[in-house]
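Notes to accompany the following structure.
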Amino acid sequence: RKQRAQLDQLSAALQETTSANALERGVKQLLVAATRLFKAEYAEILLVPTAPGEGALRSARKADGERLMRPVRMSDADALAIEVVGRMGFTPVVVPRGKRDPEIERVLTARGLEDGILGVLMAKQDVIGLIVVGNRVGEPATFQPEDASIFATFCGHAGVVIENGRLEQALEERTALKEQLRHQAFHDGLTG
């Protein structure tokens with residue numbers, strides 16, 4: 001019964017986030033869905049830079065509010081978290097209360113988390129981000145190994161939502177540039 005309820009919640013979360021058509025709105029909906037689905041106080045999505053010289057984008061939802069798409073420099077702990085999940089075959093890493101992995105310790109401590117579950121977001125074969133959910137409330141009192149399969153499905157869906165948002169954003173930018181060039185081609189720069 002418990003697994004059925006969790007699958008129903010996952011299904012509802014996937015349906016809610018599928019309708020997002022803008023990157024920022026999609027990330028926001030994913031954070032809301034993650035905190036609700038995993039009964040957590042904290043959820044974060046870190047989007048890795050897509051081109052050299054770019055910064056990462058961090059979005060987080062916690063008890064005191066949310067911050068979306070803030071440009072940040074990726075920390076060593078963030079890179080280490082992605083590396084650790086990669087070494088595990090890109091399966092989520094579950095860190096219950098009282099059982100800290102020394103490599104993941106810095107990631108959780110930096111966010112003030114007592115427990116957590118970490119996964120990577122993929123698009124095709126590329127890592128596009130990191131997702132961290134932590135400080136579970138309710139029953140069970142901490143993350144369990146069986147949460148990993150639901151979290152893996154959520155991460156896969158989140159990767160698709162983010163990649164679609166990025167593609168739509170790139171299309172909008174290209175369309176705006178095309179219109180700007182068209183206007184410049186048919187209008188005099190001095191008189192308009």
Side-chain angles (χ1 to χ4, degrees), residues 17 23-24 26-35 37-137 142-145 147-163 165-167 169-170:
T17 58
L23 180 59
E24 188 170 327
V27 167
K28 179 179 181 162
Q29 288 180 342
L30 287 167
L31 293 173
V32 170
T35 55
L37 178 61
F38 296 100
K39 299 176 187 149
E41 294 178 345
Y42 181 87
E44 175 187 318
I45 293 176
L46 175 73
L47 300 178
V48 299
T50 56
E54 280 186 3
L57 296 172
R58 187 181 314 273
S59 300
R61 177 182 170 85
K62 44 189 167 180
D64 63 352
E66 57 190 25
R67 294 193 171 116
L68 299 174
M69 308 299 277
R70 288 185 336 197
V72 295
R73 185 177 90 54
M74 243 177 91
S75 71
D76 293 339
D78 296 330
L80 178 64
I82 292 171
E83 180 186 327
V84 168
V85 175
R87 275 191 266 144
M88 302 292 287
F90 296 107
T91 60
V93 175
V94 178
V95 185
R97 281 187 174 91
K99 295 183 179 178
R100 296 277 180 126
D101 178 328
E103 289 187 305
I104 300 298
E105 177 75 25
R106 290 188 309 174
V107 177
L108 297 181
T109 301
R111 291 160 174 83
L113 302 177
E114 296 178 25
D115 63 351
I117 186 166
L118 294 82
V120 294
L121 303 173
M122 306 283 290
K124 298 177 187 152
Q125 299 297 321
D126 299 324
V127 173
I128 61 170
L130 171 70
I131 183 166
V132 179
V133 177
N135 283 355
R136 189 167 210 168
V137 293
T142 191
F143 293 99
Q144 305 293 318
D147 291 322
S149 61
I150 297 285
F151 195 71
T153 302
F154 185 81
C155 288
H157 177 72
V160 170
V161 168
I162 289 169
E163 188 62 16
R166 282 183 168 171
L167 290 172
Q169 188 176 29

Euclidean distance, Glu114 CD relative to Thr109 OG1, rounded to 0.5 Å | 10.5 Å
Can a salt bridge be assigned to the pair Asp147 and Arg136 using a cut-off of 4.0 Å between side-chain N and carboxylate O?
-> yes
Just do the side chain to side chain contact (heavy atoms under 4.5 Å, CB included) check on Val48 and Ile82 with the steps written out, would you?
-> CA-CA 10 Å; Val48 299; Ile82 292 171; 3.7 Å; yes
Any side-chain heavy atom of Phe38 within less than 4.5 Å of one from Ile150?
-> yes
Is the backbone of Thr50 close enough, under 3.5 Å, to the side chain of Glu54 for a donor and an acceptor to pair up by distance?
-> yes
Cationic N near anionic O, under 4.0 Å, Glu41 to Arg61 = no
Shortest non-hydrogen contact between Leu46 and Ala56, atoms and distance | CD1-CB, 3.8 Å
Value for CG (Leu57) from CG (Leu68), rounded to nearest 0.5 Å, stands at 10.5 Å
Charged N to carboxylate O below 4.0 Å: is that the case for Lys28 and Glu66?
-> yes
Please assess Val27 against Val161 for the test side chain to side chain contact (heavy atoms under 4.5 Å, CB included), listing each intermediate value before the final yes or no.
-> CA-CA 8 Å; Val27 167; Val161 168; over 6 Å; no
On a heavy-atom basis, the closest approach of Val94 and Ala148 is CG2-CB, 4.0 Å
Looking only at heavy atoms, the pair that brings Ile117 and Pro92 closest together is CG1-CB, 4.3 Å
Please indicate whether Arg97 has more than 12 foreign heavy atoms, meaning atoms of other residues, nucleotides or ligands, lying under 6.0 Å from its CZ.
-> yes
CG of Leu47 to CE of Met74, rounded to nearest 0.5 Å, is 10.5 Å
Would you give the length of the straight line joining atom OG of Ser59 to atom CZ of Arg70, rounded to the nearest 0.5 angstrom?
-> 8.5 Å
Between the CG atom in Leu118 and the CZ atom in Phe143, the distance rounded to the nearest 0.5 Å is 9.5 Å
List the steps and the verdict of side chain to side chain contact (heavy atoms under 4.5 Å, CB included) for Tyr42 and Thr35.
-> CA-CA 6 Å; Tyr42 181 87; Thr35 55; over 6 Å; no
Exactly one of Leu108, Leu113, Val132 clears side-chain contact (heavy atoms from CB on, under 4.5 Å) with Val95, and that residue is Leu108
How close do Ile104 and Ala81 get, heavy atom to heavy atom, and via which atoms?
-> CD1-CA, 4.4 Å
Hey, mind stepping through Asp78 and Arg73 against salt bridge (charged side-chain N to carboxylate O under 4.0 Å, His left out) and telling me if it holds?
-> CA-CA 10 Å; Asp78 296 330; Arg73 185 177 90 54; over 6 Å; no
Can you check side chain to side chain contact (heavy atoms under 4.5 Å, CB included) on Ile162 and Ile45, steps first, answer last?
-> CA-CA 10 Å; Ile162 289 169; Ile45 293 176; 4.0 Å; yes
Return the minimal non-hydrogen interatomic distance between Gly134 and Ala40, and the atom names on each side.
-> O-CB, 3.3 Å
Listing, residues 119-128 side-chain donor-acceptor contacts under 3.5 Å, not counting sequence neighbours, or none:
none

Does Gln144 reach the main-chain N or O of Thr142 with its side chain, forming a donor-acceptor pair under 3.5 Å?
-> yes
Asn135 side chain vs Gly116 backbone, donor-acceptor pair below 3.5 Å | no
Around atom CE of Met69, are there more than 12 heavy atoms of other residues, nucleotides or ligands at under 6.0 Å?
-> yes
For the residue pair Phe154 and Ile131, what are the closest heavy atoms and their distance?
-> CE2-CD1, 3.6 Å
